[in-house]
Each structure stands twice: as C-alpha cells, then as structure tokens.
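Let me begin by presenting the structure, written as structure tokens, before commenting on it.
Quantities reported herein were computed from a predicted structural model and do not represent experimental measurements. Reminder, nothing fancy here: chain letters follow the sequence lines and each chain counts from 1.
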Amino acid sequence: MAVQGATQRVDENALIRAAQRGEPEAFEQLVRTYDQNVLRMAYNLLRSQEDARDVYQEVFLRVYRNLPKFRFDCSFSTWLYRIVANLCLDQIRKRKVRKEEGQSVDTASGEVDRFQFLMEQRADVDPQRQLLSVEVNQRIQAVLEQLTPRERVVFEMRHFQGMRLRAIGESLGVTEEAAKNCLFRATQKMRAALGDFL
Amino acid sequence: MTCHDVQTNLSLYLYGELDFAREEELEQHLNECAFCQSALAREKGWHTALNSERRDVPLDLLAGCRQSLRAAIAAEAGERKRTSHFTFSWPKFAFVTPNRWSAQVALGSFLVFIGFGCARLIDRHDLTLGPRSGGTISMGVLNPSTAHIRDVEQSGPGKVRIVIDQIDEQQFEGPLDDEKIRRLLLAAARDSLDPGIRVDSVDLLKDQSGSDIRDALLYSVQHDPNAGVRLKALEGLRRFAADTPTRSALKVVLMHDQSPEVRSQAIDILVPAHHQKLELSPDLIDLLRGVVRSERQSDDYAQARALELLREINASVDEY
Ligand SMILES: [Zn+2]
C-alpha cells in the first residue's frame, strides 16, 4: 500500500526525540514501526506464543526504560535488535538447557502448526500428500534445532529478516566476519539436511 | 575456485554477502559448470522451502502483546509519576482485548463510538452525526499524513470504537449502518497501517449489505498484504459468490495468491462442496487446469482439490 510508505518515512530521529521527551504517541508510533517484525522474529525463533509474548514485552519495556539514555551512537534499529537478539539468544539457551535436563519443552509442536491445521480442516484430501508436507516441516524444524543458538539467530536475521551481516554483527556485538562465519556454518548444516531431500 | 568452493558458498552468494572478487569468480565458474548450476538450483530450492514453512504471527497475539505492553508501561509510568517529574503515560483510550470480535455483531442497531480529534477535519468533512449531517466523509479524511486510525475495537456489547490519531480527542456516537461510520470503516479496512485494524474493520463490514461492501472486500482480497485480512475478506465474499466481479477476483486469487490457505478458501468458494453431478463452465475448467499445472508445494490443498474436481468431471489435465 502506497500510503504505508508515505507515513513510515516520518523522520525517525524526531520521533525518538519526542519519545525521549515523554510523548506517549511518539513512543507508540516507534513501537508500531518495529513491533510486528520483532514479534515475527521471536515467534519463529521460539515457536511458542507464550515465549514470543514474553520477549515482546521485555524488549519494549527495556526500550521504554532505556530510551532516555539512547544517544544516537548507532541507528535505532541496531540498538533495538541488540536487545531483541540478546533476549532471543537467552531464551533459546535456556530452552536447550531445559531440554538437556530432560524436561518437557513446549516446542513447535506446542502450537498446532499450519499443516496440522490443514489436516484437520481438509480431512478429504489425499493423506499421502499431507504426510509428505508434515515430514518436510519436521525436517526443517529438526535442522533448525541443530543450529547453535547464535547460528540460529544469525540465520533468522539474515534469511528471514533480511538484515545485512554488518548490522547483524553490530546487533550481536561481533565483527561482520564473525557473523559471516556463523551464517556460513548455519547454511552448511541446512544444506546437508535439506539439499537432497527437497 | 573449485566446485567444492563454489558449492559451499552458494548461500552467501544468494544472500549477496560475498565480496566483489569472490562473487565474480563464482559467477564465472557457474557459467561454465553445469554441476554447480544444478547445485545452485537445489540451494534456491531449500531457501524457498524454508520460506513456505514460515509462520505468520496470529493477529490476536499481536493485539494481546500490545495490550499487555500498554498495561505494563502504564504501571511503570504511574510509578515514575510518583517518584519523579518524568511522566510517560500510555494513551488512556487504548484498551483492546484479544478475540475482541469473536462476539456476534448484529446489524444496524449498534452504536459506534468514534474517538478522534482534530476539529478542523470534522468541520471540513462534516463528520458530525446528528441534525447537521448530510455530507459524507471522503477517503481523504484518513490521509495518513494528517490522521491515522489507531484502533478499531469492540467497546462493549454491540458497540464499536474507532480511534483516530490526532492531537485532541473527541467522541462521536452513531449507528453502525450510518453512512459516515460505514465510510470510516471502509477506509480503515483499506488504508489502516495496522493489519489488526484492517482485519477487524473487514470483519465488521463483511455482513453489511451494499455493493460498496462487496467492492471493499474485493479490494482487500486482492490487494491486502496480510493473509489474515484476505481470508477475512473471503469469508465475506462467500455470499457474493454468484456475482461476475467476485468470480473474476476469486479466479485471480486462486491462481496467484501467495498464501495456500487463501487459495484453499478461494477454490472452495468458487466450487463449493456438492452432492449432485458437478458441472463446470469451460473457463473454470481451464482455470483448474492452470492451478493443477502451477508449481506449488506438494501439500497444496487448492491444487489437490482442483485435480480432484477435474477427475470428477473426467476432464484431462493437459487438454486445452
Ligand atoms: Zn563446478
């Protein structure tokens, strides 16, 4: 929609300054500029509505609390994604620990996924086809879980969020080269698991 | 560059993250090596498969998150107010409940509250409801540079509140089928920046009568970037399924929509489940053939259904 572009081109720095002065509308507009992407990232990384909700809340509360201290040393989005990436990393690590301890974790299967949804809705379709799609889906899930937490986050940011490696490095506090190596390792694993299967 | 070098770097290449020299080398190799070309095709294949497995955030999750954030920030702001001069309160009118439209909304008799400011706009467009009404709201009232719809929400049993971002706040009341309210909702369904508001507006409008409603639904189903909104519009289009413009739009959707769920709905509306002998028009048969031949994921319901329908009337897939 053309109108969308027009309004989003509001000068972001002016918006941030207004939010720093305590104008609630400015803060809300700032939140709304980014919150859908943040939530999409958290939801897809964590595969749980509950965890995604927690991350969302924590991210924007931290933004709210620390915004007065934001000094424009980097772009706002880098600053924001630094918070997002670190919180998501923490969550994924926590989950891995819990898993290793053998406790049940609400993984992807906690949320009824699209394919199951389709299966319920479309009981009359060829079950063979559905099994295949479920298998692909599971294979993708399995390989995503094999990535280290940092590889997973870098992959998410590059592949799905479309962020450049330089920005990803800045968000994670590592060099662009380190982010690139991380992405490289992630894609090797993905290729090994999915390359011949699809 | 060896084949192995090329193949391990294909993803970085697809992401545009190789430095210039390496990218040149890799492209040169690709030009001459069929083996690596097919590896590139496989690499693109799994990139695409990942995208299709991606999940959309449920709309009520987003609404719920925003609501909890408001509450948390309001609580913190209250705390700060007590302890310092720094105030930062969230707008007081912003309360949303998830699944807020799940309640049944009947026609006609409901009140609509519109909270908005900017008296200039109201005067200019004669937005007041009551004796002096008679003008209409043009879509221009929602020009995002001057106003934007912040929220559409159910404010009580059978009541709707539309909140427009402006400097001051004013409230209006009127029945849901009031021409001006309706135009405002139509504009929100189309122009709001927030998919949650668009889906709610479409939901509210979809059972109203009038060709402008149908046109709005047709617009949403074909142009809205959010699959949830398109699905909602499709729900409303069911009752227009016999109209020519609706059928044309549904055909476009069935063929081109990115979302498998939207395509699934479209085919079910075009060819509803039936018990008698199925009869399909020649152009519909052609369309179904197109759907069957299109490249989709193996689980695509619309495609499977199209094939099933063609088999049912004993039509071949390839015939023209
Ligand atoms: Zn080669």
Where on A:R164 is there a heavy atom nearer than 4.5 Å to chain B: the side chain, the backbone, both, or neither?
both
Please answer whether the main-chain N or O of A:K180 pairs with a side-chain N or O of B:E17 as donor and acceptor at a distance below 3.5 Å.
no
About how many Å separate CZ of A:F160 and CZ of B:R54, when rounded to the nearest 0.5 Å?
5.0 Å
Would you indicate whether A:F72, at its atom CZ, is surrounded by more than 12 heavy atoms from other residues, nucleotides or ligands within a distance under 6.0 Å?
yes
Looking at SG of B:C65 and CG of A:D35, how far apart are the two atoms once the value is rounded to the nearest 0.5 Å?
8.0 Å
Nearest atoms (heavy-atom pairs only) where B:Y15 meets A:T187:
CE1-CG2, 4.0 Å
Ranked by heavy-atom pairs below 4.5 Å to chain B, first place among A:R40, A:Q188, A:R158 goes to A:R158
Quick check: are there more than 12 heavy atoms from other residues, nucleotides or ligands sitting under 6.0 Å from CZ of A:R166?
no
Name the option with the most non-hydrogen atom pairs under 4.5 Å to chain B; the candidates are A:L165, A:L144, A:L61, A:N44.
A:N44
Contact between A:F184 and B:S11 at the side-chain level, heavy atoms closer than 4.5 Å - yes or no?
no
In terms of ring plane angle, is the pair B:W46 and A:H159 parallel, tilted or perpendicular, where the classes change at 30° and 60°?
parallel
Residue B:L61 versus chain A: region with a heavy atom under 4.5 Å:
both
Identify the two heavy atoms, one from B:L62 and one from A:Q36, that lie closest to each other, and give their separation to 0.1 Å.
CD2-CG, 3.7 Å
Is the count of non-hydrogen atoms from other residues, nucleotides or ligands lying under 6.0 Å from B:Q37 atom CD greater than 12?
yes
Of the backbone (N, CA, C, O) and the side chain (C-beta and beyond), which part of A:E156 lies under 4.5 Å from a heavy atom of chain B, both, or neither?
side chain
Going through the checks in order, is the salt bridge (charged side-chain N to carboxylate O under 4.0 Å, His left out) test met by B:R66 and A:E28?
CA-CA 10 Å; B:R66 286 177 173 172; A:E28 175 161 8; over 6 Å; no
How far apart are the closest heavy atoms of B:L69 and A:Q57, and which atoms are they?
N-OE1, 3.4 Å
Of all heavy-atom pairs linking A:F27 and B:I73, the shortest is CE2-CD1, 3.3 Å
Mind checking the CG-CZ spacing from B:L10 to A:R191? Nearest 0.5 Å is all I need.
6.0 Å
side-chain contact (heavy atoms from CB on, under 4.5 Å) for B:L50 and A:F155? Distances and angles first, verdict last.
CA-CA 11 Å; B:L50 284 175; A:F155 188 75; 3.5 Å; yes
With a 4.5 angstrom heavy-atom cut-off, which part of A:F60 approaches chain B: side chain, backbone, both or neither?
both
Side chain, backbone, both or neither: which part of B:E43 has a non-hydrogen atom closer than 4.5 Å to chain A?
side chain
